[in-house]
Amino acid sequence: MDWGLWIMFAILVVMVVCVVIISNRREKTAAQNGVFDERQMKIRGDAFKWSFIVMVVYYMAYAILISFAGEGLGAPELMIFIGLELGLVFCSVYCILRDAFLAINRSFGFIVILDVCCIVAQLVGYFRERAQGALLIEDGKLTTTGLPLSIAVSFMIILVALLVRRHYEKREEQNEA
Amino acid sequence: MKNLRLKAARASLDLSQEELANKVGVSRQTISAIEKGDYNPTINLCVAICRVLGRTLDDLFWDEPKE
């Protein structure tokens with residue numbers, strides 16, 4: 001195995017260990033931890049609905065582009081996957097900005113660690129492929145090499161939204177005090 | 001419309017939003033949203049808040065219609 005696979009394997013092990021440790025710790029805390037309250041459930045419902053609409057609009061736009069131009073902006077696998085990512089990112093950011101992403105008393109730090117691990121793992125995969133000579137753009141079209149990069153970008157957007165929300169939340173807590 | 005009566009009742013018991021939220025079983029942001037008037041809670045949540053604060057629904061959530 002080359003270094004890239006070892007790094008990805010190490011990140012996976014770190015993530016699994018984190019999940020096990022934090023899950024065990026949570027079992028000892030209050031009963032309402034880990035559930036969403038009524039306001040959060042309502043917002044999450046809205047988020048699912050709108051993210052579905054965003055995905056439908058993207059796929060319709062993509063279908064129209066294919067019909068008229070005869071080809072998309074990238075490899076079909078990549079373009080289809082970007083539609084899924086778009087829905088996921090929209091749903092996540094919508095929930096984050098309206099305080100419905102984390103359940104009651106869920107750890108913000110844990111989610112950030114998971115997010116950063118995902119970004120690093122995807123970037124390692126991407127640069128590994130590039131180091132092996134894979135091209136991001138070929139004949140003017142994005143290739144599937146862009147898949148890990150697109151996932152990394154998606155998680156980066158989620159990370160930024162989490163940090164921005166955290167910043168405002170801290171300010172709100174200070175104002176309340 | 002802001003719910004200043006809820007905020008006053010909470011403050012009179014020296015409870016923070018976080019503490020009230022923990023007692024009621026919701027997130028702090030939900031209590032904040034109710035106080036700001038950004039969210040209309042269900043009757044179940046209203047009752048839970050009233051129980052914790054030792055007030056009635058009328059005290060905290062009933063608005064007399066404006067003439």
Side-chain angles (χ1 to χ4, degrees), chain A residues 22 25-50 91-112 114 158-177, chain B:
Chain A
I22 293 171
R25 198 192 297 169
R26 275 188 194 143
E27 282 174 12
K28 295 168 189 166
T29 54
Q32 77 261 26
N33 286 359
V35 296
F36 294 96
D37 65 33
E38 56 178 49
R39 182 190 61 88
Q40 291 175 315
M41 292 293 277
K42 183 181 177 302
I43 291 169
R44 290 173 77 82
D46 288 343
F48 290 138
K49 179 183 76 181
W50 285 109
C91 185
S92 303
V93 172
Y94 187 97
C95 290
I96 289 167
L97 297 182
R98 303 184 77 180
D99 297 313
F101 188 71
L102 295 177
I104 299 167
N105 294 336
R106 276 289 191 239
S107 164
F108 170 81
F110 176 61
I111 294 293
V112 169
L114 275 183
I158 292 172
L159 182 64
V160 169
L162 278 168
L163 295 176
V164 167
R165 185 60 224 171
R166 185 65 168 176
H167 172 71
Y168 281 106
E169 204 170 295
K170 287 269 180 202
R171 272 177 50 179
E172 202 177 304
E173 280 173 13
Q174 282 170 356
N175 289 341
E176 193 228 331
Chain B
M1 194 169 67
K2 284 188 178 183
N3 192 335
L4 296 175
R5 284 174 293 170
L6 171 58
K7 196 171 184 173
R10 175 176 63 75
S12 70
L13 292 177
D14 208 19
L15 286 174
S16 66
Q17 288 180 344
E18 184 83 52
E19 288 165 336
L20 176 59
N22 282 336
K23 284 174 187 281
V24 174
V26 296
S27 67
R28 186 198 66 78
Q29 291 85 356
T30 297
I31 297 295
S32 173
I34 296 169
E35 288 185 356
K36 283 186 200 165
D38 292 339
Y39 174 65
N40 281 328
T42 62
I43 190 71
N44 286 340
L45 182 51
C46 290
V47 169
I49 291 171
C50 287
R51 285 209 172 112
V52 169
L53 296 179
R55 304 293 172 98
T56 64
L57 284 169
D58 282 3
D59 290 340
L60 298 183
F61 295 103
W62 184 259
D63 279 322
E64 287 299 329
K66 288 174 186 167
E67 306 239 340

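Within every chain, numbering begins at 1; the chains are lettered A, B, ... in the order of the sequence lines, protein sequences first and strands thereafter. These numbers were taken from a predicted model, which means no experiment stands behind them.
To the nearest 0.5 Å, the span separating CZ on B:R28 from CG on A:D37 amounts to 12.0 Å.
For B:D58, the CG atom sits in a packed shell: over 12 heavy atoms of surrounding residues, nucleotides or ligands are nearer than 6.0 Å. Around atom OH of A:Y168, no more than 12 heavy atoms belonging to other residues, nucleotides or ligands sit under 6.0 Å away.
Inspection of the A:Q40 and B:Q29 side chains reveals no N or O donor paired with an N or O acceptor under 3.5 Å.
When the heavy atoms of residues 40-48 of chain B are compared with those of chain A, the residues falling under 4.5 Å are B:P41, B:T42, B:L45, listed by number.
Applying the salt bridge (Lys or Arg N to Asp or Glu O under 4.0 Å) rule to pairs touching residues 43-56 of chain B yields nothing, sequence neighbours excluded. Contacts classified as salt bridge (Lys or Arg N to Asp or Glu O under 4.0 Å) and involving residues 32-48 of chain B (residues at least two apart or in different chains) are given here: A:E172-B:K36, B:R10-B:E35.
Partners of A:D46 by salt bridge (charged side-chain N to carboxylate O under 4.0 Å, His left out), not counting sequence neighbours, listed by chain and number: A:K42.
Side-chain contact between A:R39 and B:S27 is present, with heavy atoms from C-beta onward closer than 4.5 Å.
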